[in-house]
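Reviewing the structure listed below.
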Number of protein chains: 2
Amino acid sequence: MEAATQAFDGADKIRRAAADLFGERGFDAVSIAHIAERAGSSKANIFHHFGSKEALYFAVLREAVDRSTDHFRDAMRAELDPSQRVERAIRGSLTVLFEDPERARLIFREIMESGPCRAEALANEVFGDDFTALTRLFADIQPAGETEGAVPPSFLAHVLLSCNVMLFHCHQVLRHLPGGEYAEQQEHYIKMLSDVLLSSMRAKQETNA
Amino acid sequence: MEAATQAFDGADKIRRAAADLFGERGFDAVSIAHIAERAGSSKANIFHHFGSKEALYFAVLREAVDRSTDHFRDAMRAELDPSQRVERAIRGSLTVLFEDPERARLIFREIMESGPCRAEALANEVFGDDFTALTRLFADIQPAGETEGAVPPSFLAHVLLSCNVMLFHCHQVLRHLPGGEYAEQQEHYIKMLSDVLLSSMRAKQETNA
DNA sequence: AATGCCGCTGACCAATCGATCAGTCAGCTT
DNA sequence: AAGCTGACTGATCGATTGGTCAGCGGCATT
């Protein structure tokens, strides 16, 4: 029978140590020796389990991605009125980011670094589902019949995710900016972003100069 | 008399090569030997001019920051009607990013990596001016008297910068997302983001559930 | 012509990198 | 007890890392 502490493999401890270090400092700044030390293991054992540094990195990345999508989908299942659903979506996405910062940084670094080759795979396998779910949420909320000149739902998803990701990565800088107090008042931030998104859905005024 | 080709120092060529490589791959993934090779110089010469790898990195970073702020301030000096000024600001910020991608990536990486210690310095010396200028633009545009329950200008600046930075870093991924065609149609993107920002400035409807 | 300075180089250094190796040990099967 | 398997280790590999150093050649000054 397994122990009550979830039965930590040696391989699991290595994966966790690697996830922390890769998330903090990136692929190149972390050495196998560091990971082995943090995991309480030996260098050779890492190669025994994962074969190469790159393979370990991909294993860690894939696990991070899988857990991330699970979290996100749970966060926006409710069927409430529009403003509550939007706030829920913002809060959910924010939670995914701040609950496991190393994982979030790991994934974003991968996006930044990925050339055109890996980008398509990342879009399909990693972010496609989340983005589609968010897009559908905005499409559902939008007042029927006003979809003509309005901002498309997928772009509202872009706005939501962009603001959250920026807040996550830069909040240490943002809070020192003039008028950047919102970076430390999460509820206030959610309210403001929700206002922006909702108001740009109803608008149907003169859209052209 | 200097040559017509701007008189490239050996030191200048090193700086340029380093800026390219650091921007592409980050600090740790780039070696002095790589930089020397790309610059057509020798390893030892780099240490002769800059003393250490870290010093070279900071020199490159500081130069990138200085040039970036200059570009941005020019981009939004005009005094047109609100929608045109907003579009101008979006386009200006976008130009800063895409005109010199290595520089932009260099700076953003520094923001991501910087702990609380360096974050305040970065906020004051690097982004403070741009952010303040953008904030003032939105404050000017906002209809007088409606500043009560409205979204504050500094948050609109956050939205603008977030969306642009996200588009810049992730556009290879975004264009493969369902509904992500806007990532490749810059004018369309500007129009949509402008709509979002403008409509959330006029809104004064029921702001609470 | 001798001087000092400066941009620059090849050879070299200790340290560390990712990776491989032979080999130890515990547990399972027969 | 014999045999096998898989987790694990210390020693070690060649390559590469950031960094040092003595010295070269051109150029201006004296």
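Within every chain, numbering begins at 1; the chains are lettered A, B, ... in the order of the sequence lines, protein sequences first and strands thereafter.
Counting 5' to 3', DNA chain C first comes under 4.0 angstrom of a heavy atom of chain A and last does so at the ends given by C:dC17 to C:dC21.
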Distances for protein N or O near nucleotides 5-9 of chain D N or O, under 3.5 Å:
| residue | atom | partner | partner atom | Å |
| --- | --- | --- | --- | --- |
| D:dA7 | OP2 | A:His48 | NE2 | 3.0 |
| D:dC8 | OP2 | A:Asn45 | ND2 | 3.3 |
| D:dC8 | OP2 | A:His49 | NE2 | 2.7 |
| D:dC8 | O5' | A:Asn45 | ND2 | 3.4 |
| D:dT9 | OP2 | A:Ser41 | OG | 3.1 |
| D:dT9 | OP2 | A:Ser42 | N | 3.1 |
| D:dT9 | OP2 | A:Ser42 | OG | 2.9 |

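Between B:Phe155 and B:Phe138, the ring center distance fails the sub-6.0 Å criterion.
The side chain to side chain contact (heavy atoms under 4.5 Å, CB included) test applied to B:Asn45 returns B:Ile14, B:Ser41, B:Ser42, B:His48, B:His49, not counting sequence neighbours. Residues passing the side chain to side chain contact (heavy atoms under 4.5 Å, CB included) test with A:Ala29, sequence neighbours excluded: A:Arg25, B:Asp28. Among residues two or more places apart in sequence or in another chain, the side-chain hydrogen bond (donor to acceptor under 3.5 Å, both in side chains) test is passed with A:Glu187 by A:Arg91. When the ring-ring contact (aromatic ring centres under 6.0 Å, His included) test is applied to A:His176, no partner is found at least two apart in sequence or on another chain. Applying the side chain to side chain contact (heavy atoms under 4.5 Å, CB included) criterion to B:Phe47, with sequence neighbours excluded, gives B:Ile32. Contacts of A:Arg105 classified as salt bridge (charged side-chain N to carboxylate O under 4.0 Å, His left out), with partners at least two apart in sequence or in another chain: none.
For A:Glu24, the CD atom is densely surrounded, since the number of other residues' heavy atoms within 6.0 Å is greater than 12.
Taken residue by residue, residues 23-32 of chain A places no heavy atom nearer than 4.0 Å to DNA chain D. Interface residues of residues 52-59 of chain B facing DNA chain D, ordered by number: B:Ser52, B:Lys53; criterion, heavy-atom separation under 4.0 Å.
Interatomic distance, CD1 of A:Ile35 versus CG of A:Leu21, reported as 6.0 Å (0.5 Å rounding). Atom OG of residue B:Ser83 and atom CE of residue B:Met201 lie 9.5 Å apart, to the nearest 0.5 angstrom.
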When the side chains of residues 177-186 of chain B are checked against the rest of the protein, which donor-acceptor pairs come out under 3.5 Å, sequence neighbours left out?
| residue | atom | partner | partner atom | Å |
| --- | --- | --- | --- | --- |
| B:Tyr182 | OH | A:His158 | ND1 | 3.0 |
| B:Glu184 | OE2 | B:Arg175 | NE | 2.9 |
| B:Gln185 | OE1 | B:His188 | ND1 | 3.1 |

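Counting only residues at least two apart or on different chains, the ring pair (Phe, Tyr, Trp, His ring centres under 6.0 Å) pairs with a member in residues 15-46 of chain B are B:Phe22-B:Phe27, B:Phe22-B:Tyr57, B:Phe27-B:Tyr57.
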